[in-house]
Amino acid sequence: MHTQNNQPTVRTRVAPSPTGAPHIGTAFMALFNYAFAKRHGGQFILRVEDTDQARSTAESEQAILASLRWLGIPWDEGPDCGGPHAPYRQSERTRIYLEHGRRLLAAGAAYPCFCTAERLAELRRSQAGADCAGYDGLCARLAPADAARRLSAGEPHVLRLRVPADGECAMRDRLRGEIRIPWAKVDHQVLLKSDGYPTYHLANVVDDHLMGITHVIRGEEWLSSLPKHILLYQAFGWTPPEFAHLPLLRNPDKSKLSKRRNPTSILYYRQAGFLPEALINYLGLMAYSFADGREIFTLAEMAEHFEIDRISLGGPVFDFQKLQHFNGRYLRSLAPAALWQRLQAWLLNDAYWQNIIPLAQPRLNQLADFVPQAAFLFADRLDYPPALLVQSSGGLDGPGVARLLKTAQWELEKPPAWNTDAIRGVFNRIAEIEKMKLKQIMPVFYAALAGAPAALPAFDAMALLGRDLTLRRLHYALETLETQGIALKGKQLKDLEKSYRAAYGAAD
RNA sequence: GCGCCCAUCGUCUAUCGGUCAGGACACCAGGUUUUCAUCCUGGGAAGAGGAGUUCGACUCUCCUUGGGCGUGCCA
């Protein structure tokens, strides 16, 4: 584990949370962590941070692993392949966090907090706009005997980090140098939740240490919680790793990349026919530049030449057109035989056609009907007359169609599994929400999905397209409506979302 | 509101005190091509503002402005 000059082997990690679709930002972080580790002859670890019991799903974890494999970023240790520090799934390590929580408690670095969710909500309300937010430290001032008594009485509680009242935390970021944050601005973070699971902060620090991570390369959104992590390393008596916070990928309006404005799921890029090496190349170009100025490069080349200090800090705007350009270059440079292989690896293969045949056969008069009928299952954006969406809506006006599409987007996010039955269930529910018959709402979706008022069965088609491309088609439909001057304007959309959330639960 | 981070063409970026501020995407013009696409050539396009340091600032310091993130028993 040590090189001849006694420097520990470089070990980096990517630590995705398996909630929802595999995010392009995860690939971005994985790429830089991988490149840095390999540049220094080290290891790259994949760790699954599934400590949010409510939102983590096995499907999401599988999709993340599959996406990283598709991108060609290999990991040396992970939940699938194991390793010397297994398990690599945090939900299987709860005992470790509990134990470390006890150590913090014993050392006085953490304290039990018995405050109710209601009290905390009230606290937050009263702090709106205040200079200092966060927990008020009520339970930190509990007499030790009191706390011990309530603890042994089995009163529900969480474990909170004890933070110094004044002074400041001096930290070092590899890319930014020294950073100072007043302790007074650091919240008494919950470390162990009342369900016995750790929060990110505890689990992350404990695992990074136990797994021998030497360099934590992560998103800039973590910079402001670095003091908490430093404090934890100190409390455990551990030497902190080196930290490098990467800028966040941005939307064209500079906000953090979100699926509202960009496709963010790696699965979308795969289904829409992007080449993994083109995507990697493009991501590598964001926030990084080779010393020799080259702009076309492979993962291996990046791993060979990567210099972490050449990372730039301005948040890069994700430019879909530029990605398309790069993808086109890669595609056109392929030998015909190689292109054919790529097409087969994509969707032009027996397995995919076999799924389509039973859907198309009942609708066939000539063999020549087949390909046109199936074409929409091989496309990204479809070209159709904008009027089609409203024409086929069976009575809904423009805004009504927009509302229907929006509702569908929210509802289609929900089922953890993606198959014909789950999708049918979703649309039955949408019909209920809209107080319409399934038969009435479906034509809009045939238009959005296939660019025609009628097509192969929609639920099966969506199952084949995958969740992310399906969602994308709905997004394109909404954009198409906008070209007709039909759009849910800011307030309208907010109101719709609000009432939707209130009635039907989380939407994002 | 408060804390922290950031700041070069529309976008991604190069420059590590002295450059006609370079490249890529996008855009525009021309050429090749039976069309289109590709490809080739050319063009317009940037140091947010103000102080200071210096012989000399895009580059170093400070202020202002702008943007981002954080402010959850999410990660």
Side-chain angles (χ1 to χ4, degrees), chain A residues 15-20 23 25-26 48-56 90 113-117 120-121 123-124 127-135 156-160 168-169 171 173 175-177 179-204 218-228 245-257 281-296 309-326 328-329 331-333 506 508:
Chain A
S17 179
T19 56
H23 200 276
T26 301
V48 174
E49 308 224 326
D50 55 346
T51 55
D52 186 338
Q53 288 196 82
R55 295 199 306 146
S56 298
Q90 289 185 331
C113 172
F114 304 93
C115 290
T116 61
L120 295 177
L123 190 61
R124 259 193 293 280
Q127 285 171 336
D131 281 8
C132 258
Y135 185 60
H157 66 281
V158 300
L159 201 62
R160 280 186 189 274
E168 56 184 16
C169 179
M171 307 155 288
D173 176 88
L175 305 174
R176 287 161 246 263
I179 294 168
R180 294 169 170 279
I181 295 181
W183 283 119
K185 302 297 176 187
V186 179
D187 197 10
H188 291 203
Q189 184 65 49
V190 170
L191 301 173
L192 280 170
K193 310 178 216 178
S194 52
D195 66 1
Y197 273 57
T199 58
Y200 170 87
H201 306 277
L202 209 219
N204 196 264
R218 63 191 348 177
E220 197 178 7
E221 75 259 44
W222 297 111
L223 200 49
S224 45
S225 40
L226 186 52
K228 297 167 188 171
H245 293 85
L246 262 34
L248 264 16
L249 264 23
R250 310 284 186 93
N251 294 314
D253 69 358
K254 298 282 189 182
S255 57
K256 183 161 86 165
L257 193 70
N281 193 155
Y282 178 66
L283 288 175
L285 232 36
M286 315 224 57
Y288 185 72
S289 63
F290 272 67
D292 64 11
R294 80 179 84 171
E295 293 180 335
I296 301 290
D309 298 310
R310 292 191 62 82
I311 290 174
S312 54
L313 297 177
V317 171
F318 191 90
D319 184 347
F320 190 81
Q321 273 192 322
K322 189 162 180 175
L323 170 62
Q324 280 182 316
H325 170 85
F326 272 78
R329 281 178 79 134
L331 239 24
R332 291 191 295 271
S333 72
D508 188 32

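Naming convention: chains lettered A, B, ... in sequence-line order (proteins, then strands); numbering from 1 in each chain.
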A.B. asks: Is it the case that the side chain of A:Asp50 and the backbone of A:Thr19 share a donor-acceptor pair, with hydrogens and angles ignored and the cut-off at 3.5 Å?
C.D. replies: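 No, A:Asp50 side chain to A:Thr19 backbone: no donor-acceptor pair under 3.5 Å.
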A.B. asks: Under 3.5 Å for both donor-acceptor distances, Watson-Crick or wobble: does B:U38 have a partner, and if so which one?
C.D. replies: none
A.B. asks: When you compare B:C62 with B:A7, how far apart are their P atoms, in angstrom units rounded to a whole number?
C.D. replies: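 The same atom, P, in both gives a distance of 13 Å.
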A.B. asks: Nearest whole angstrom, please: distance from the P of B:C5 to the CZ of A:Arg176.
C.D. replies: 9 Å
A.B. asks: So does A:Thr51 get a backbone contact from the side chain of A:Lys193, meaning a donor-acceptor N/O pair under 3.5 Å?
C.D. replies: yes
A.B. asks: Tell me every residue that passes salt bridge (Lys or Arg N to Asp or Glu O under 4.0 Å) with A:Asp309, counting only those two or more places apart in sequence or in another chain.
C.D. replies: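 A:Arg174.
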A.B. asks: Run the side chain to side chain contact (heavy atoms under 4.5 Å, CB included) check on A:Tyr135 and A:Cys115 step by step: do they pass?
C.D. replies: CA-CA 10 Å; A:Tyr135 185 60; A:Cys115 290; 3.1 Å; yes
A.B. asks: When you look at A:Leu191 and A:Lys228, which way does the side chain to side chain contact (heavy atoms under 4.5 Å, CB included) test go after all the steps?
C.D. replies: CA-CA 10 Å; A:Leu191 301 173; A:Lys228 297 167 188 171; over 6 Å; no
A.B. asks: Measure the distance from CG on A:Asp173 to C1' on B:C69 and round it to the nearest whole Å.
C.D. replies: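 Computing the A:Asp173:CG to B:C69:C1' distance gives 14 Å.
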A.B. asks: What is the distance from CG of A:Leu248 to C1' of B:G67, rounded to the nearest Å?
C.D. replies: 13 Å
A.B. asks: Before giving the answer on salt bridge (charged side-chain N to carboxylate O under 4.0 Å, His left out), spell out for A:Arg176 and A:Glu220 the whole-Å C-alpha distance, their side-chain angles and the decisive distance to 0.1 Å.
C.D. replies: CA-CA 11 Å; A:Arg176 287 161 246 263; A:Glu220 197 178 7; 3.4 Å; yes
A.B. asks: Does the structure show a Watson-Crick or G-U wobble partner for B:G3, both distances under 3.5 Å? Name it, or say none.
C.D. replies: B:C69
A.B. asks: Would you be so kind as to tabulate the donor-acceptor pairs closer than 3.5 Å made by side chains of residues 313-326 of chain A, with sequence neighbours excluded?
C.D. replies:
{"from": "A:Asp319", "atom 1": "OD1", "to": "A:Gln321", "atom 2": "N", "distance (Å)": "3.1"}
{"from": "A:Asp319", "atom 1": "OD1", "to": "A:Lys322", "atom 2": "N", "distance (Å)": "3.3"}

A.B. asks: When both hydrogen-bonding distances must be under 3.5 Å and the geometry is Watson-Crick or G-U wobble, what is B:G43 paired with, if anything?
C.D. replies: B:C27
A.B. asks: B:A48 and B:G66: how far apart are their P atoms, nearest whole angstrom?
C.D. replies: 15 Å
A.B. asks: Looking only at non-hydrogen atoms, find the nearest pair between A:Leu223 and A:Ile181 and report the distance.
C.D. replies: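 Smallest heavy-atom distance, with atoms named: O-CD1, 4.3 Å.
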A.B. asks: Which atoms of nucleotides 32-41 of chain B (N or O only) lie under 3.5 Å from a protein N or O atom, and what are those distances?
C.D. replies:
{"from": "B:U38", "atom 1": "O3'", "to": "A:Arg332", "atom 2": "NE", "distance (Å)": "3.4"}

A.B. asks: Give me the distances for all protein-to-nucleotides 11-16 of chain B N/O pairs that come in under 3.5 Å?
C.D. replies:
{"from": "B:C12", "atom 1": "OP1", "to": "A:Val317", "atom 2": "N", "distance (Å)": "3.0"}
{"from": "B:C12", "atom 1": "O2'", "to": "A:Leu285", "atom 2": "O", "distance (Å)": "3.1"}
{"from": "B:C12", "atom 1": "O2", "to": "A:Lys322", "atom 2": "NZ", "distance (Å)": "3.3"}
{"from": "B:U13", "atom 1": "OP1", "to": "A:Ala287", "atom 2": "N", "distance (Å)": "2.6"}
{"from": "B:U15", "atom 1": "OP1", "to": "A:Arg310", "atom 2": "NH1", "distance (Å)": "3.4"}

A.B. asks: Can you tell me how far C1' of B:C69 sits from CG of A:Leu313, to the nearest Å?
C.D. replies: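 In whole Å, B:C69 C1' and A:Leu313 CG are 13 Å from each other.
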A.B. asks: Counting only Watson-Crick or G-U wobble pairs whose two distances fall under 3.5 Å, which nucleotide matches B:C74?
C.D. replies: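 Here B:C74 is not engaged in any pair, so there is no nucleotide opposite it.
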A.B. asks: With no hydrogens and no angle check, is any side-chain donor or acceptor of A:Asp52 less than 3.5 Å from a backbone partner on A:Ala54?
C.D. replies: yes
A.B. asks: For A:Gln53, what residues pass the side-chain contact (heavy atoms from CB on, under 4.5 Å) criterion, not counting sequence neighbours?
C.D. replies: A:Asp195, A:Tyr197
A.B. asks: Could you tell me whether the side chain of A:Asp173 and the main chain of A:His245 form a donor-acceptor pair under 3.5 Å?
C.D. replies: yes
A.B. asks: Pick the C1' atom in B:A57 and in B:A75, then give their distance to the nearest Å.
C.D. replies: 43 Å
A.B. asks: Please state the C1' separation for the pair B:A37 and B:C74 - nearest whole angstrom.
C.D. replies: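 47 Å, rounded to whole Å.
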A.B. asks: Determine yes or no for a side-chain-to-main-chain donor-acceptor pair under 3.5 angstrom, with A:Ser194 supplying the side chain and A:Pro156 the backbone.
C.D. replies: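 No; zero donor-acceptor contacts below 3.5 Å.
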A.B. asks: Determine the Euclidean distance between corresponding P atoms of B:C16 and B:G50; express it in Å to zero decimal places.
C.D. replies: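 About 25 Å, rounded to a whole number of Å.
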A.B. asks: Determine the interatomic distance between P on B:G23 and the same-named atom on B:U59; round to the nearest Å.
C.D. replies: 22 Å
A.B. asks: For nucleotides B:G30 and B:U35, find the distance between their P atoms and express it as a whole number of Å.
C.D. replies: 15 Å
A.B. asks: Which one is paired to B:C58, where only Watson-Crick or G-U wobble pairs with both distances under 3.5 angstrom count?
C.D. replies: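 WC or wobble partner does not exist here.
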A.B. asks: Taking the same atom, C1', in B:A46 and in B:A14, what whole-Å distance lies between them?
C.D. replies: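 B:A46 and B:A14 have their C1' atoms separated by 13 Å.
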A.B. asks: Just how far, in rounded Å, is P of B:G3 from CG of A:Leu226?
C.D. replies: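 It is 18 Å, rounded to the nearest whole Å.
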A.B. asks: Just by protein heavy atoms under 4.0 Å, how would nucleotides 70-75 of chain B read 5' to 3' in B, S and -?
C.D. replies: SSSBBB
A.B. asks: When you measure from the side chain of A:Glu49 to the backbone N and O of A:Gln90, does any donor-acceptor pair fall under 3.5 Å?
C.D. replies: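 Here the side-chain-to-backbone pair does not exist.
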